[in-house]
Colleague: 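Below is a structure I'd like to ask you about.
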Amino acid sequence: MEDTNQLIEQRKANLAELNELGVQPFENKITPTISCQGACAKYEAGELNDESEVIIAGRMTAHRDMGKSQFIDVKDGSGRIQVFANKKIIGDDAFKVVKCLDLGDFIGVKGLMFTTKMGEISVKAQEVTVVSKALRPMPAKWEGLSDTETRYRQRYLDLIANDEVKDTFLKRSAIIREIRNFLQQRGFVEVETPMMQNIPGGAAATPFVTHHNSLGCDFYMRIALELYLKRLLVGGIDKVFEIGRNFRNEGLSRRHNPEFTMLEAYEAYGDYESMMELLQGMVCHIANEVLDTLIIEHKNADGEVTKTIDLTPPWRRVRYKDLVKEKAGDDWFDLSPDDRRERALEELKLQGDIEAECEDFEVTNAVFEKLIEPTLIQPTFVTHVPKELVPLAKTAPDDSSAVEVFECCINGQEIAPAYSEQNNPVEQRERLEHQAGEEQQKLDDDFLVALEHGMPPAGGIGIGIDRLCMMLLGQESIRDVILFPQLRPKS
RNA sequence: GGGUUGGUAGCUCAAUGGUAGAGCAGCGGCCUUUUAAGCCGUUGGUUCUCGGUUCGAGUCCGAGCCAGCCUACCA
C-alpha cells in the first residue's frame with residue numbers, strides 16, 4: 001500500500017519537526033517502571049503517593065488540548081492511564097515535542113503520580129519520550145472499527161479499537177493454557193507430530209497438497225492428528241495429547257476456517273466413558289478458571305441474552321438412536337430403507353439434504369445433523385453412534401450396529417467426538433480398506449503395521465478448539481475467535 | 001461452488017437520475033485540571049473497478065473484484 005493522503009503527510013511533517021527538535025522517535029528507548037494499570041492500582045491502594053516517580057509507556061490513544069496543558073491517554077497491555085503535560089512543568093522545548101504528538105504514537109512518560117481536580121489518577125509528566133511515531137491514523141475512538149473486512153485483514157486495528165475483541169483473544173489464550181494445565185496435571189504428555197504427511201489420514205476430508213523440492217514428492221497438510229498419536233500409544237506413551245492446526249481444503253463458513261485448531265488426547269486403558277469424564281472435567285475447569293462461571297450467556301448485538309448454556313455436570317447422555325426416534329418417529333428403525341428415505345424427504349422436509357445416492361445410514365444421519373444437532377444447546381453426550389460413521393472405533397458390546405463413541409454437542413454444534421479406539425489390527429484394516437474404496441493409495445499402511453505391533457486399548461478424544469472458544473466466549477462466527485481468519489487475498 | 005445483501009473522506013454513516021454531505025479525527029486559532037473537553041474557522045473524495053444507457057450516473061443496466069449472511073462439502 002503506497003497510498004498517501006493528507007493525514008499521513010501531516011504525521012510525516014510532525015515527524016520531521018520532531019527531528020528538527022532533536023528527537024529521533026524510532027531510535028529512542030524507554031524502560032517503564034510500572035504498567036499503566038499497575039500505576040493506577042498501586043496509587044489507589046496507597047502503595048504509591050504524590051511523591052512517587054514512575055515511568056510509564058504506551059500508545060497515545062486520546063488527548064485533550066487545553067492550550068498550555070494537555071491531557072493524554074496512554075494505553076499499554078494492562079490498560080489506560082492519563083498523563084498531564086503542562087508547559088511550565090516540562091519546559092517550552094519539551095512542550096513543543098508534546099505538540100508534535102499524534103494519536104497512535106508510542107511514548108514514554110516519566111513523572112509523579114497525582115490526582116486531578118476531577119479525581120482521575122494521572123501522571124504529571126516531567127519528561128516525555130517519543131519512542132515510535134505512528135504515520136497512519138488510528139480508527140476513530142468513539143465509533144471504533146466495525147468494517148468486518150478491515151477488522152479481519154488488519155486485526156491489529158481491531159485490537160486497538162475494540163477492547164472486547166482483545167479480551168476475546170486473551171481469553172482464548174487462557175482457555176488453551178488451562179487445557180494444557182488440566183491435561184498435564186493428569187499426566188498427559190504433549191507432543192508434536194508431522195503437519196506434512198505422506199497420506200492424510202484420521203478423517204474424511206479434502207487435504208491441501210504441497211510439494212517438497214529436494215525429496216521430489218508431494219505432501220499433504222494434515223487433516224487430523226489421530227494416526228500419529230496412536231502410533232505413540234503403540235510406542236508406549238500412554239497418555240498423550242497434541243494441540244495443533246489441521247488443514248482442510250473445503251468451504252469457508254461461519255463455522256469453518258481452512259486451518260483450525262484441534263486438541264486430540266489419547267489415554268491407554270481408557271474408553272469413551274473415561275473420555276466423557278475427561279471432557280466434562282476439562283470444560284468445567286476452563287470455564288471456572290477463565291470465566292469464573294459455569295453459566296455461559298450468548299448475547300446479540302443489542303446485548304440481549306439469546307441463549308444460556310449451563311455447563312454444570314453431569315451432562316446429559318443419550319443414545320443416537322433414541323434422539324433420532326424422538327424426532328423421526330418411534331418406528332423409524334423398523335421401516336424399510338425406502339420408507340425411511342420417503343419419510344425424511346416428505347415429512348421431515350430434508351429434500352435439499354439427501355442426495356439420491358445417499359446410503360441408508362446417511363439418510364438417518366441427515367435427520368441427526370439437520371434436525372437434532374442444532375437443537376442441542378445444552379451439553380449432551382450422544383452415544384452409540386452408527387458404526388458406518390466412525391471407522392476407527394470399537395463396536396459397542398450391546399449393539400453391533402453401533403460403536404463405542406460419543407459426540408458431545410454444545411451450542412448446537414459438535415464440539416468433540418470421542419471413541420473407544422479400535423485396536424484390533426485385522427478389523428481396523430478391513431474398515432479402512434472398505435472406507436478407502438477404490439482409492440487404496442489413501443490407505444495408511446504404515447499405521448496399520450503399527451497397530452499390528454499392538455496398541456493398548458485406549459480412549460481418544462478430539463476437541464475443536466475454535467468451536468469450544470465460540471461456545472465459551474459467546475461468539476457466533478469462527479472468524480471472531482481466530483486472529484487472522486482466512487480471506488481471499490486482496491488484489 | 002450457488003443464492004442474497006453490501007462497498008461513498010482516516011473512522012462511523014447520509015445523499016428521488018440533477019452542485020457528493022454530516023459527526024468524529026485532522027489542520028489553524030482561543031483556553032493552565034480535561035474526560036467522546038469546549039468555542040471559532042477550515043482542509044480532505046478515482047463514490048471498489050471496467051463498460052453501457054442518459055443532456056446528466058454514487059444512484060439505472062452489464063461484467064468483474066472484495067466482503068457479510070444463508071447454503072453446499074465438512075469439524
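Since we're looking at a predicted model, the values are computed, not measured. Per chain, numbering begins at 1; letters A, B, ... match sequence-line order.
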Colleague: May I ask you to evaluate whether A:Lys117 reaches the phosphate of B:U33, defined as a side-chain N or O under 4.0 Å from OP1 or OP2?
Modeller: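 No.
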
Colleague: Let's test this: given Watson-Crick or G-U wobble pairing with both distances under 3.5 Å, identify the partner of B:C30.
Modeller: B:G38

Colleague: Between C1' on B:C11 and CE on A:Met138, what's the gap in Å once rounded to a whole number?
Modeller: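 Value for this atom pair: 11 Å.
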
Colleague: Please tell me which of the listed nucleotides, B:C13, B:A67, B:C69, lies nearest to the side chain of A:Arg153?
Modeller: B:A67

Colleague: For A:Asn249, report the nucleic acid contact type (base, sugar-phosphate, nothing); a contact means any heavy atom under 4.0 Å.
Modeller: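 No contact.
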
Colleague: What distance, rounded to whole Å, do you find between the two P atoms, one in B:G58 and one in B:G7?
Modeller: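 So the two P atoms sit 14 Å from each other.
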
Colleague: Using a 4.0 Å heavy-atom cut-off, does A:Ala203 contact any base of the nucleic acid, only the sugar-phosphate backbone, or nothing at all?
Modeller: nothing

Colleague: Before accepting this row, confirm whether a basic side-chain N of the pair A:Arg255/A:Glu414 lies closer than 4.0 Å to the acidic partner's carboxylate O.
Modeller: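 Looking at A:Glu414 together with A:Arg255, the answer is no, because their closest N to O distance does not fall below 4.0 Å.
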
Colleague: Is the A:Tyr272 ring parallel, tilted or perpendicular to the A:Phe406 ring (thresholds 30°, 60°)?
Modeller: tilted

Colleague: Write down the distance separating the C1' atoms in B:U46 and B:C65, rounded off to the nearest Å.
Modeller: 16 Å

Colleague: Using whole Å, what does the distance between atom C1' of nucleotide B:G68 and atom CG of A:Leu487 come to?
Modeller: 11 Å

Colleague: Given atom CZ of A:Arg151 and atom C1' of B:G7, what is their separation to the nearest angstrom?
Modeller: 17 Å

Colleague: In whole angstrom, what separates A:Leu252's CG from B:U71's C1'?
Modeller: 14 Å

Colleague: Between B:U49 and B:A57, how many Å separate the two P atoms, rounded to a whole number?
Modeller: 15 Å

Colleague: What does A:Gln70 touch in the nucleic acid at a heavy-atom separation under 4.0 angstrom: a base, only the sugar-phosphate, or nothing?
Modeller: nothing

Colleague: OP1 or OP2 of B:C66 versus the side-chain N and O atoms of A:Arg488: is any pair under 4.0 Å?
Modeller: yes

Colleague: Considering residues, nucleotides and ligands other than A:Lys327, do more than 12 of their heavy atoms fall under 6.0 Å from its NZ?
Modeller: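 Open.
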
Colleague: Quick check: do A:Ile90 and A:Glu127 have side-chain heavy atoms less than 4.5 Å from each other?
Modeller: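 No - every pair of side-chain heavy atoms lies 4.5 Å or more apart.
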
Colleague: Is any side-chain N or O of A:Gln82 under 3.5 Å from a base N or O of B:U34, one able to act as donor and the other as acceptor?
Modeller: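 Checked by distance alone, the answer is yes.
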
Colleague: Can you identify which nucleotide, out of B:A72, B:C66, B:U33, has its nearest atom closest to the A:Ser253 side chain?
Modeller: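 Of all the options, the side chain of A:Ser253 is nearest to B:A72.
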
Colleague: Look at the side-chain N and O atoms of A:Arg64 and state whether any lies under 4.0 Å from the OP1 or OP2 oxygen of B:A25.
Modeller: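 Indeed not, no polar side-chain atom of A:Arg64 lies that close.
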
Colleague: Nearest to the side chain of A:Glu250, heavy atoms from C-beta on, is which of B:G26, B:C73, B:U34?
Modeller: B:C73

Colleague: Who does B:G21 pair with, Watson-Crick or G-U, both distances under 3.5 Å?
Modeller: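 WC or wobble partner is B:C13.
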
Colleague: Output the rounded distance in Å from CD1 (A:Ile8) to P (B:G45).
Modeller: 13 Å

Colleague: Could you check which of B:C69, B:G26, B:U35 has an atom nearest any side-chain atom of A:Arg254?
Modeller: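 Comparing B:C69, B:G26, B:U35 against the side chain of A:Arg254, the answer is B:C69.
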
Colleague: Taking the nucleotide of RNA chain B with the closest heavy atom to each, which residue, A:Asp102 or A:Leu145, is nearer the 5' end?
Modeller: A:Leu145

Colleague: For A:Glu369 and B:A72, what is the distance between atoms CD and C1' respectively, to the nearest whole Å?
Modeller: 13 Å

Colleague: Please state the P separation for the pair B:G68 and B:U12 - nearest whole angstrom.
Modeller: 15 Å

Colleague: Identify which nucleotide among B:A75, B:U34, B:A25 has an atom closest to any side-chain atom of A:Leu103, counting heavy atoms from C-beta outward.
Modeller: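 Looking only at side-chain atoms, A:Leu103 lies closest to B:A25.
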
Colleague: Does a side-chain N or O of A:Ser146 approach OP1 or OP2 of B:U12 to a distance below 4.0 Å, or not?
Modeller: yes

Colleague: Base, sugar-phosphate, or nothing for A:Gly251, non-hydrogen atoms under 4.0 angstrom?
Modeller: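 Since a base atom lies under 4.0 Å of A:Gly251, the category is base.
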
Colleague: Looking at the side chain of A:Leu7, which of B:G10, B:C11, B:U33 is the nearest nucleotide?
Modeller: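 In terms of side-chain proximity for A:Leu7, the closest of B:G10, B:C11, B:U33 is B:G10.
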
Colleague: Given the P atoms of B:G23 and B:G41, what is the spacing between them in whole Å?
Modeller: 11 Å

Colleague: Does this structure show an ion pair linking A:Asp147 with A:Arg151, if we count only N-O contacts that are shorter than 4.0 Å?
Modeller: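 Judged by the 4.0 Å cut-off on N to carboxylate O distance, A:Asp147 and A:Arg151 do not form a salt bridge.
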
Colleague: Between B:U32 and B:G38, how far apart are the two C1' atoms, rounded to whole Å?
Modeller: 15 Å

Colleague: Nearest whole angstrom, please: distance from the P of B:A75 to the CE of A:Met470.
Modeller: 16 Å

Colleague: Rounding to an integer number of angstrom, what distance separates B:A25 and B:C73 when you compare their P atoms?
Modeller: 50 Å

Colleague: In terms of relative ring orientation, are A:Phe208 and A:Phe247 parallel, tilted or perpendicular, with 30° and 60° separating the classes?
Modeller: perpendicular

Colleague: Taking the six-membered ring for Trp, does A:Phe260 stack with B:A75 (centroid gap under 5.5 Å, planes within less than 30°)?
Modeller: yes

Colleague: CG of A:Asp65 versus P of B:C30: gap in Å, rounded?
Modeller: 11 Å

Colleague: Can you see if the side chain of A:Lys87 gets near the phosphate of B:C31 - specifically, an N or O under 4.0 Å from OP1 or OP2?
Modeller: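 For A:Lys87, the contact criterion (side-chain N or O under 4.0 Å from OP1 or OP2 of B:C31) is not met.
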
Colleague: At under 4.0 Å between heavy atoms, what does A:Gly462 touch on the DNA or RNA strands: base, sugar-phosphate, or nothing?
Modeller: nothing

Colleague: Under 4.0 Å, counting only non-hydrogen atoms across every strand here, what does A:Phe114 touch: a base, just sugar-phosphate, or nothing?
Modeller: base

Colleague: Rounding to the closest angstrom, what is the interatomic distance between B:C30 and B:G45 at atom P?
Modeller: 27 Å

Colleague: Would you verify whether the NZ or CZ of A:Arg231 falls within 45 degrees of the ring axis of A:Tyr228 while also being under 6.0 Å from that six-membered ring's centre?
Modeller: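 Checked: cation-pi criterion met.
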
Colleague: Considering only side-chain heavy atoms of A:His63, which listed nucleotide, B:A75, B:G26, B:C73, is closest?
Modeller: B:G26

Colleague: Who is the Watson-Crick or G-U wobble partner of B:U49, with both distances under 3.5 Å?
Modeller: B:A63

Colleague: In terms of the nearest nucleotide of RNA chain B, which residue is placed more toward the 5' end: A:Pro139 or A:Leu101?
Modeller: A:Pro139

Colleague: Of all the choices, B:U33, B:C66, B:G44, which nucleotide is nearest to the side chain of A:Glu149 once you look at every atom?
Modeller: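 Closest of the options to the side chain of A:Glu149: B:C66.
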
Colleague: Which of these nucleotides, B:U35, B:G10, B:U32, is closest to any side-chain atom of A:Pro137?
Modeller: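 For the A:Pro137 side chain, the nearest candidate turns out to be B:G10.
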
Colleague: Choose from B:C73, B:U34, B:U32 the nucleotide whose nearest atom is closest to any side-chain atom of A:Ser122.
Modeller: B:U34

Colleague: When rounded to the nearest 0.5 angstrom, what is the spacing between CD in A:Gln486 and OH in A:Tyr152?
Modeller: 13.5 Å

Colleague: Salt bridge check, A:Glu476 against A:Lys299: does any charged N sit closer than 4.0 Å to a carboxylate O?
Modeller: no

